[in-house]
Amino acid sequence: MRPVSTVILGTGSYAPSRVLTNADLAKQVDTSEEWIVSRTGIRERRMAAADESTSDMAAKAGAKALEDAGLAAADIDLLIVATVTPDLVMPACACIVQRKLAIPHHAACFDLNAACSGFIYALDTACAMISSGRYKHALVIGAEKFSAILDWKDRSTCILFGDGAGATVIGGSETPNIGLLATKLGAYGESVDLLYIPAGGSDQPATPASIAAGDHCVKMKGKEVFKFAVRAMEEAARDILEQEGLTADHIDCVIPHQANLRIIEAISQYLKLPMDRFFINLDRYGNTSAASVPIALDEARRAGRIKRGDLTLMVAFGAGLTYGSALIRW
Ligand code: COA
């Protein structure tokens, strides 16, 4: 039977215990606490241990979301992991998480790559699959070990990112007008080379030369990405509100992608939505890519920032360049 609505039944998140501060980074590259805080708002980020994988973090966040939802792994028939840092190129990180959580064999398990917009893409995908009536409970996880793909000598990127995982459990409901009300997803594929990893894929398999050149690490044109982020997140937020006949005043809490405080401040200004309605934790985690929105969502819920009846807007952008927004009524 097709449910009337699709709702978030539980959330969970996990961050590795090792903290890397701006002062620590200033010992490794030519940067400073002042530069990083004034340009990004980031004060520290978490680093996975050498033997801690994306799937380890994903499984920990997933277990917490299941507990929060009051469900068992046996109840899950759909598992999506949004990530650009899967443990292996093949098979999917989702299959490794399935094994770690003992999710049943009849569950569909796959990864989704939309970079930092990945969680919103995965949420939309899971909700559509549950709306079809063919799946009952989805575990949707955003997880990244971004530290594994950074060039630790490149000060323009290595200061921005961190590791972690966030998860949600999604199910159907017979109550109308709750849960995921709308989404807006899109991409500007013509701008692929503003944020990408040149080598290590099938186009340029890793060679000693590509590794020596650092081409298996993230390359970014920061200024261009910044401009895209502000424009795309503002449009994605504005469009979804218009689509639902709502205005910024109706939003109780915004969960933005936690890339840069200045990007969030610009969106706040353009949308005329005060900063106190944005949930921000980038000062503690930096940009955790696909994990950023679900970690922030979990922390916002647990901090009491989201209550029954509230309207939450999630909005993100990422490599691709992708963007996405989602409106949730709790
Ligand atoms: N410490 C000190 N100086 C640094 C630095 C660092 N960590 N990184 C770059 N700089 C230098 C640059 O070399 C440049 O020096 P120059 O003027 O001598 O050439 C100067 O600081 C200004 O760099 P610029 O790139 O113009 O800074 P900016 O104000 O655009 O801030 C970013 C840089 C990366 C913080 C900003 O562009 C940004 O956040 N972009 C979006 C990135 C993002 O969110 N990516 C993830 C997408 S999901």
Side-chain angles (χ1 to χ4, degrees), residues 20-45 82-85 112-122 142-147 149-164 166 185-189 191-197 214 217-236 255-268 278 280-283 285-296 314-325:
L20 185 71
T21 64
N22 293 344
D24 295 330
L25 278 167
K27 289 180 203 145
Q28 291 172 221
V29 288
D30 183 13
T31 191
S32 65
E33 162 84 9
E34 193 282 326
W35 194 96
I36 300 174
V37 172
S38 65
R39 301 288 175 121
T40 71
I42 299 165
R43 293 184 180 275
E44 59 187 41
R45 67 290 288 143
T83 186
V84 294
T85 52
L112 188 152
N113 179 342
C116 303
S117 313
F119 176 76
I120 296 179
Y121 269 65
E144 303 282 12
K145 185 172 176 175
F146 220 87
S147 57
I149 57 168
L150 290 171
D151 177 350
W152 288 97
K153 289 190 225 62
D154 176 7
R155 66 178 183 174
S156 69
T157 51
C158 75
I159 56 135
L160 297 174
F161 297 93
D163 300 333
L185 307 179
Y188 289 82
S191 299
V192 161
D193 60 357
L194 292 187
L195 179 53
Y196 76 129
I197 299 176
C217 298
V218 172
K219 309 281 175 211
M220 183 181 73
K221 296 196 174 95
K223 256 196 198 328
E224 284 92 329
V225 173
F226 189 103
K227 282 186 213 145
F228 168 81
V230 173
R231 183 168 47 88
M233 294 227 285
E234 189 214 341
E235 270 174 28
I255 308 288
H257 174 39
Q258 310 281 322
N260 185 317
L261 186 61
R262 288 189 298 141
I263 293 175
I264 297 172
E265 283 168 349
I267 296 162
S268 151
F278 288 74
I280 292 164
N281 63 8
L282 63 83
D283 50 324
Y285 298 123
N287 179 349
T288 55
S289 184
S292 135
V293 168
I295 293 175
M314 299 180 206
V315 62
F317 72 98
L321 295 168
T322 57
Y323 65 87
S325 58

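Both counts, for ligands and for their atoms, begin at 1 and track the order of listing. All heavy atoms count here, side chains included; hydrogens, waters and symmetry mates do not.
- Looking at residues two or more places apart in sequence or on another chain, you find a ring-ring contact (aromatic ring centres under 6.0 Å, His included) between F161 and F146.
- Some N or O of K223 is nearer than 3.5 Å to an N or O of ligand 1, by distance alone.
- Which parts of ligand 1 touch R39 is read off a 4.0 Å heavy-atom cut-off, strictly below it: atoms 22 (C), 27 (O), 28 (P), 29 (O).
- For ligand 1, the atoms closer than 4.0 angstrom to any heavy atom of H257 are 48 (S).
- Residue-to-ligand polar distances place N260 within reach of ligand 1: an N/O pair is separated by less than 3.5 Å.
- Looking at G222 next to ligand 1, an N or O pair under 3.5 Å apart turns up.
- Looking at residues two or more places apart in sequence or on another chain, you find a ring-ring contact (aromatic ring centres under 6.0 Å, His included) between F228 and Y188.
- Taking a cut-off of under 4.0 Å to the non-hydrogen atoms of A259, the atoms of ligand 1 that pass are 44 (O).
- Under the 4.0 Å criterion applied to side-chain N and carboxylate O atoms, R155 and D30 are assigned as salt-bridge partners.
- Nearest protein heavy-atom neighbour of atom 31 (O) of ligand 1: R262 NH2, 3.6 Å.
- The shortest separation from a heavy atom of I36 to ligand 1 is not under 4.0 Å, leaving the residue out of contact.
- Residue V29 does not touch ligand 1, judged by heavy-atom distances below 4.0 Å.
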